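Report on one structure; see the data block that follows.
All figures in this text were calculated on a predicted structure; none of them were measured in a lab. These numbers come from the heavy atoms of this one structure, side chains and all, not from hydrogens, waters or symmetry mates. First the proteins, then the strands, lettered A, B, ... as listed; each starts at 1.
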Number of protein chains: 2
Amino acid sequence: MQNSLILHIKKFISLEPSDIDKLESCLELSKIKKKEHILEEGQICNTIYFVVRGCMRQYIINSKGAEQTLQFAIENWWITDYLSYHNHIPSSFYLQAIENSEVIAIDKNVLESLLIEIPNLERYFRIVTQKSFGATQMRIKYLFTMSAEERYHHFNDHFPEFVQRVPQYMLASYLDFSAEFMSKIRAGKV
Amino acid sequence: MQNSLILHIKKFISLEPSDIDKLESCLELSKIKKKEHILEEGQICNTIYFVVRGCMRQYIINSKGAEQTLQFAIENWWITDYLSYHNHIPSSFYLQAIENSEVIAIDKNVLESLLIEIPNLERYFRIVTQKSFGATQMRIKYLFTMSAEERYHHFNDHFPEFVQRVPQYMLASYLDFSAEFMSKIRAGKV
DNA sequence: TTAAAAACTTGAACTACTTCAAGAAATTCA
DNA sequence: TGAATTTCTTGAAGTAGTTCAAGTTTTTAA
């Protein structure tokens with residue numbers, strides 16, 4: 001079976017066999033254990049990650065010392081801190097595996113040379129980033145217009161399999177309410 | 001003086017003189033009057049907009065009939081609905097001028113042919129989109145971790161000139177609190 | 001230059017959520 | 001398997017914000 005990243009790229013652009021060879025020679029799978037971090041706050045992020053299997057999250061530790069999940073990434077999603085990556089500034093985020101995962105980690109230097117060798121890859125990254133940006137715009141809309149209960153039901157309706165996969169308290173913080181309130185929503189006690 | 005879009009592009013990639021000619025022949029400035037819409041909810045968005053002068057916003061109308069501003073775009077920013085653009089689905093958003101503005105509107109077909117003629121432009125759009133995405137990740141962090149008052153002061157400290165430029169009620173909704181509460185924050189009555 | 005429209009302010013009443021504390025249930029792994 | 005850890009639940013008390021309604025100030029445009 002072909003590398004799932006290559007399959008994903010082929011959904012957006014066409015690749016010459018020679019491009020596929022180049023990609024395959026550069027990309028390797030790394031296994032990340034549940035709870036392991038691939039980025040911590042304060043570090044400069046020099047790598048972008050493609051999730052082949054498993055689930056990663058981006059989170060912060062807030063002023064009360066509590067974790068807040070800002071983003072999840074499952075199979076076929078990219079995750080990184082683009083601001084740290086592009087501006088060479090310390091990251092504000094943690095990136096962590098929440099399941100035993102397999103990711104393709106592409107270092108900035110490796111990516112730069114790949115983009116030179118396969119210029120068409122710029123197009124792939126442009127399109128997937130624009131689509132993610134669009135999804136984030138919708139997310140902000142939901143955060144702004146729905147109540148906590150509506151956000152929970154909406155998420156549950158659209159991603160029922162995903163809801164089973166992550167701890168409820170992480171999903172609660174991703175939807176911007178407390179774990180206790182989530183319990184009450186689920187119990188119908190609101 | 002050269003087209004401000006071309007100057008912006010040259011910050012990220014190099015352009016051949018012939019590329020500049022191609023760009024200049026394709027791009028034209030349109031004037032948008034204050035309050036005029038360039039996209040309305042339900043329409044399919046087939047255009048991306050670069051703000052040359054003035055200020056645009058993305059907003060929605062919530063279930064109570066009130067406007068909520070989700071995004072601003074001033075000089076040298078792009079604004080569009082990427083989800084509607086890429087997926088050919090009706091937009092959830094309005095795009096409107098909040099000052100008399102000049103934008104470069106690039107239609108999808110025009111953009112596609114430009115990207116074929118000047119493949120390096122893919123790189124430009126990839127980079128600016130990734131940087132915007134990074135900025136949006138930070139915005140979500142601020143929304144999640146700061147109180148209304150902290151968000152107001154933080155925004156005021158970082159973008160004092162901008163605060164002068166837009167009506168307070170739009171800024172209040174962008175920061176996700178009510179116009180009345182903003183008045184109280186400013187008066188020190190919280 | 002004035003009338004109309006848009007934007008801002010204020011206080012009082014309300015509410016959707018948080019916080020805390022403690023216990024119960026589920027999961028992990030030695 | 002069973003002890004430790006992690007996750008989930010519950011109720012009571014508190015609060016950061018909203019909503020409403022009315023008045024004031026500022027801006028717009030004929």
Flag the pair A:E122 and B:R126 as a salt bridge only when some basic side-chain nitrogen lies within less than 4.0 angstrom of an acidic carboxylate oxygen. yes
Separation of C:dT19 atom P from A:D176 atom CG, nearest Å, is 11 Å
- Task: Give a yes/no answer on whether the side chain of A:K64 brings an N or O atom under 4.0 Å of OP1 or OP2 in C:dT18.
- Result: no
Outer limits of DNA chain D sitting under 4.0 Å from a non-hydrogen atom of chain A, read 5' to 3', are D:dT6 to D:dA12
Q) Do any N or O atoms from the side chain of A:T80 and from the backbone of A:Y49 form a donor-acceptor pair under 3.5 angstrom? A) no
A:Y169 atom OH is separated from C:dT19 atom P, nearest whole Å, by 17 Å
Residue pairs meeting side chain to side chain donor-acceptor pair (under 3.5 Å), one or both in residues 11-22 of chain B, sequence neighbours left out, come to none
For this output row, return yes or no: ring centroids of B:F72 and B:F162 closer than 6.0 angstrom. yes
Interatomic distance, CD1@A:I185 vs OG@A:S147, rounded to 0.5 Å, equals 7.5 Å
Applied to residues 66-86 of chain A, the salt bridge (charged side-chain N to carboxylate O under 4.0 Å, His left out) test, sequence neighbours excluded, yields A:R57-A:E67, A:E75-A:R165
When rounded to whole Å, the NZ to C1' distance for the pair B:K34 and C:dA5 reads 12 Å
C:dT9 phosphate, OP1 or OP2, under 4.0 Å from B:Q168 side-chain N/O: yes
Contact check, residues 144-162 of chain B vs DNA chain C, heavy-atom distance under 4.0 Å, returns none
Going by the angle between their ring planes, with limits at 30° and 60°, are B:F50 and B:H8 parallel, tilted or perpendicular? tilted
The residue among A:L114, A:V110, A:V52 that forms side chain to side chain contact (heavy atoms under 4.5 Å, CB included) with A:L27 is A:L114
Terminal axes of the helix from C:dT1-D:dA30 to C:dA30-D:dT1 (5 end pairs apiece), angle rounded to 10 degrees, sit apart by 60°
Relative to each other, are the rings of A:H86 and A:Y82 parallel, tilted or perpendicular (30° and 60° limits)?
-> parallel
Which of A:I118, A:N120, A:L23 passes side chain to side chain contact (heavy atoms under 4.5 Å, CB included) with A:I9? It is A:L23
Between B:M56 and B:L83, is there a shared hydrophobic cluster once you connect ILVMFWY residues whose side-chain heavy atoms come closer than 4.5 Å? no
From CD1 of A:I98 across to P of C:dT28 the rounded distance in Å is 13 Å
Report whether B:Y59 and B:L171 are members of the same hydrophobic cluster (ILVMFWY, side-chain heavy atoms less than 4.5 Å apart, transitive linking).
-> no
Here the residues of residues 177-189 of chain A within 4.0 Å heavy-atom distance, strictly under, of DNA chain C are A:F177, A:S178, A:E180, A:F181, A:K184
Between the side chains of B:E180 and B:K189, is the shortest nitrogen-to-carboxylate-oxygen separation below 4.0 Å, so that they form an ion pair? no
